[in-house]
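All remarks here apply to the structure that follows.
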Amino acid sequence: MRLHNTETGAVQPLEGRDGPIRIYVCGITPYDTTHLGHAFTYVAFDVLVRALRAKAIKVRYVQNVTDVDDDIIRRARELNTTWDRLATKETALFEADLAALNVHAPDVFPRASQTIPRIIELVSKLEAQGHAYRSDGNVYFRVDSVTDYGRLSRLSREAMVKVSGERGADPADPRKRDPLDFVLWQRSAPGEPLWASPWGEGRPGWHIECSAMALQHLGDQIDIHGGGSDLIFPHHESEIAQSESATGVRPFARIWAHVGMLRYRGEKMSKSLRNLVLVRDLLQRYDSDSIRVLLLRHHYREPWAYEEEQLQDAQEWTRALQQRSKPVNAEEGAPPPAVREALEDDLDTPRALDVLRQLVEGGDARWRATADLLGLGLGKASSSEMGKTLGWPAPFHDPSNDRRVRPAR
RNA sequence: GGCGAGUUAGCCAAGUGGUAAGGCAGAGGUCUGCAAAACCUCCACCGCGGGUUCGAAUCCCGCACUCGCCUCCA
């Protein structure tokens with residue numbers, strides 16, 4: 001398997017070390033899910049994992065939920081509910097949507113609110129190492145304590161400051177020593193969730209939760225770190241700084257895999273812009289195969305603009321394939337080399353779809369194994385394959401985690 | 001400022017060195033009392049300029065233009 005690595009700009013081989021492939025994909029902030037852009041990202045990594053497992057490569061796939069976050073708190077207030085209720089509900093919807101799209105569950109599906117002890121441990125370590133400092137009840141990461149902050153996004157310090165300014169951030173926050181320093185732990189405002197910590201009652205900042213969960217579940221180095229390309233800066237840049245500072249192991253991720261952004265009506269599809277095409281709504285009118293085909297027709301790194309015509313087109317294509325596909329008795333045969341080569345070439349799903357079409361049209365029984373590799377049912381009755389998707393683990397009932405949230409109102 | 005994707009017919013789009021898939025739209029035809037549907041046929045100087053090669057949409061160099069992302073965000 002060869003994948004494009006954002007950090008080096010090159011397509012690199014994934015294999016070359018022992019043990020399971022460790023994959024961490026940045027998950028959702030559960031307050032307004034699941035739009036087609038989310039689906040694009042998680043379907044892409046679903047196919048990646050399927051392709052690796054089809055080669056008998058062991059994979060450990062972790063996908064997190066960032067459920068402690070400014071937006072969730074704000075939205076919960078708007079909806080007159082609590083942040084954790086909202087997060088639990090939206091996460092369940094997300095799981096149901098992905099299961100409907102035949103996306104296999106990750107092996108571990110942790111959420112930030114249940115990783116607080118780990119987060120505190122990590123922040124303490126960074127503070128002890130001199131990578132972090134306290135200021136007015138908050139703890140900040142000291143960006144100039146690392147030499148190469150900006151190496152993932154390839155931005156100079158000047159550029160990062162400039163971009164931040166243009167984006168309306170406050171580089172002049174007097175509590176920060178450097179405009180680029182970012183919050184690791186913050187004092188909770190009244191009504192916000194809070195946990196006891198060495199710095200007083202507070203909550204984690206954005207970025208640190210992902211480092212904590214990745215290190216906890218995958219160790220000091222991971223093989224593939226994925227997510228939307230909008231996360232490159234500052235989120236993943238900051239994860240690198242935190243993780244490598246804490247562990248001394250670099251690179252934190254051997255390959256950074258970023259998925260292109262989906263646009264709709266001239267703008268990036270985004271919760272804040274409210275220009276969402278929800279998977280839930282599409283599933284009312286289209287079958288999941290058609291939606292998957294639409295997504296797989298686009299290479300994961302390609303930014304593209306959604307139009308409903310494309311989905312209609314994908315549906316016609318999918319129906320034609322379903323009609324022409326001859327039933328296959330068992331799960332016979334492995335996918336042909338052409339499919340595996342396409343997927344191993346930086347996950348070229350458009351090419352793999354074309355091979356699938358040729359197999360079906362040629363009456364080649366290997367079409368079934370190929371469709372499975374791409375997560376397409378193609379008329380298969382609700383059988384074992386579809387049953388596998390029901391395995392999304394409920395992430396929120398682990399009593400071993402010491403959650404010390406106080407009634408927040 | 002950086003990074004990324006892209007530029008192929010009216011539109012979408014495949015193509016990974018051997019004289020351009022497919023879909024939509026359009027034109028003509030078969031069929032039909034008429035129409036629809038279905039089926040058949042037709043419709044491309046591959047952004048520009050160099051280079052490599054027997055041969056380039058495809059490889060190399062340069063240029064132009066479009067779009068996207070960059071401390072809410074998959």
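In the text below, chain A, chain B and the rest are named by the order of the sequence lines, each starting its count at 1. Worth saying up front: this structure is predicted, and the values here are computed from it rather than measured. Hydrogens, waters and symmetry mates are skipped; everything else that's a heavy atom, side chains included, is used.
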Tell me: [atom1] of [X] to [atom2] of [N], nearest whole Å?
{"X": "A:Glu361", "N": "B:G23", "atom1": "CD", "atom2": "C1'", "value": "13 Å"}
{"X": "A:Arg263", "N": "B:G68", "atom1": "CZ", "atom2": "C1'", "value": "6 Å"}
{"X": "A:Tyr306", "N": "B:G68", "atom1": "OH", "atom2": "C1'", "value": "20 Å"}
{"X": "A:Trp317", "N": "B:G23", "atom1": "CH2", "atom2": "C1'", "value": "12 Å"}
{"X": "A:Leu231", "N": "B:G68", "atom1": "CG", "atom2": "C1'", "value": "15 Å"}
{"X": "A:Leu184", "N": "B:U71", "atom1": "CG", "atom2": "P", "value": "18 Å"}
{"X": "A:Asp230", "N": "B:C69", "atom1": "CG", "atom2": "C1'", "value": "7 Å"}
{"X": "A:His258", "N": "B:A74", "atom1": "NE2", "atom2": "P", "value": "13 Å"}

Ring pair (Phe, Tyr, Trp, His ring centres under 6.0 Å) against [X], all qualifying residues, sequence neighbours excluded:
{"X": "A:Phe182", "result": "A:Phe141, A:His207"}
{"X": "A:Tyr286", "result": "none"}
{"X": "A:Tyr300", "result": "none"}

When the [atom1] atoms of [M] and [N] are compared, how many Å lie between them, rounded to an integer?
{"N": "B:A38", "M": "B:A5", "atom1": "P", "value": "40 Å"}
{"N": "B:C45", "M": "B:G55", "atom1": "P", "value": "23 Å"}
{"N": "B:C48", "M": "B:A57", "atom1": "C1'", "value": "14 Å"}
{"N": "B:G28", "M": "B:C43", "atom1": "P", "value": "16 Å"}
{"N": "B:G49", "M": "B:A64", "atom1": "P", "value": "15 Å"}
{"N": "B:G10", "M": "B:G4", "atom1": "C1'", "value": "30 Å"}
{"N": "B:A37", "M": "B:U19", "atom1": "P", "value": "36 Å"}
{"N": "B:C40", "M": "B:C60", "atom1": "P", "value": "40 Å"}

Expected rows: protein N/O vs nucleotides 36-38 of chain B N/O, under 3.5 Å:
none

Next on the checklist: Once side chain to side chain donor-acceptor pair (under 3.5 Å) is applied, do any residues pair with A:Glu344, and if so which ones, sequence neighbours excluded?
Outcome noted: A:Lys55
Checklist entry - Can you name the residues that form a side chain to side chain donor-acceptor pair (under 3.5 Å) with A:Asp181, not counting sequence neighbours? => result A:Tyr133
Touch class at under 4.0 angstrom, heavy-atom based, for [X] against every strand present:
{"X": "A:Gly150", "result": "nothing"}
{"X": "A:Trp206", "result": "sugar-phosphate"}
{"X": "A:Gly260", "result": "base"}
{"X": "A:Tyr42", "result": "sugar-phosphate"}

Next on the checklist: Both A:Phe233 and A:Gly27 contact RNA chain B. Taking the nearest nucleotide for each, which residue is further toward the 5' end?
Outcome noted: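 Its nearest nucleotide lies further toward 5', so the answer is A:Phe233.
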Checklist entry - A:Tyr306 and A:Phe40: aromatic ring centres closer than 6.0 Å? => result no
Could you pull out every donor-acceptor pair under 3.5 Å between side chains of residues 252-261 of chain A and any protein atom, sequence neighbours left out?
{"from": "A:Arg254", "atom 1": "NH1", "to": "A:Leu14", "atom 2": "O", "distance (Å)": "3.1"}
{"from": "A:Arg254", "atom 1": "NH1", "to": "A:Asp223", "atom 2": "OD1", "distance (Å)": "2.7"}
{"from": "A:Arg254", "atom 1": "NH2", "to": "A:Leu14", "atom 2": "O", "distance (Å)": "3.0"}
{"from": "A:Trp256", "atom 1": "NE1", "to": "A:Glu7", "atom 2": "OE1", "distance (Å)": "3.4"}
{"from": "A:His258", "atom 1": "ND1", "to": "A:Thr6", "atom 2": "OG1", "distance (Å)": "2.7"}
{"from": "A:His258", "atom 1": "NE2", "to": "A:His236", "atom 2": "ND1", "distance (Å)": "2.8"}

From C-beta outward on [X], which listed nucleotide comes closest to its side chain: [options]?
{"X": "A:Leu180", "options": "B:A74, B:C72, B:U71", "result": "B:U71"}
{"X": "A:Lys162", "options": "B:U16, B:G1, B:A74", "result": "B:G1"}
{"X": "A:Ile28", "options": "B:U71, B:A74, B:U16", "result": "B:A74"}

Item to check | Among A:Leu343, A:Thr349, A:Leu3, A:Ile21, side chain to side chain contact (heavy atoms under 4.5 Å, CB included) partner for A:Leu48 | outcome: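 Filter result, single survivor: A:Leu3.
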Pair assignment for [N], Watson-Crick or G-U wobble, requiring both distances under 3.5 Å:
{"N": "B:G62", "answer": "B:C48"}
{"N": "B:U41", "answer": "B:A27"}
{"N": "B:U16", "answer": "none"}
{"N": "B:A21", "answer": "none"}
{"N": "B:C67", "answer": "B:G4"}

Item to check | Approximate separation, where rounding is to 0.5 Å, of A:Leu262 CG and A:Glu302 CD | outcome: 10.5 Å
Checklist entry - How about A:Trp199 and A:Glu127: does a side-chain donor come under 3.5 Å of a side-chain acceptor? => result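 There is such a pair between these side chains.
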Item to check | A:Pro20: side-chain contact (heavy atoms from CB on, under 4.5 Å) partners, not counting sequence neighbours | outcome: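 A:Pro20: side-chain contact (heavy atoms from CB on, under 4.5 Å) contacts with A:Lys58.
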Next on the checklist: Give me the atom names and distance for the closest heavy-atom approach of A:Tyr149 to A:Ala241.
Outcome noted: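 Shortest heavy-atom contact: CD1-CB, 3.9 Å.
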Checklist entry - What does nucleotides 2-15 of chain B look like as a protein-contact string, B for base, S for sugar-phosphate only, - for none, at under 4.0 angstrom between heavy atoms? => result SSSS---------S
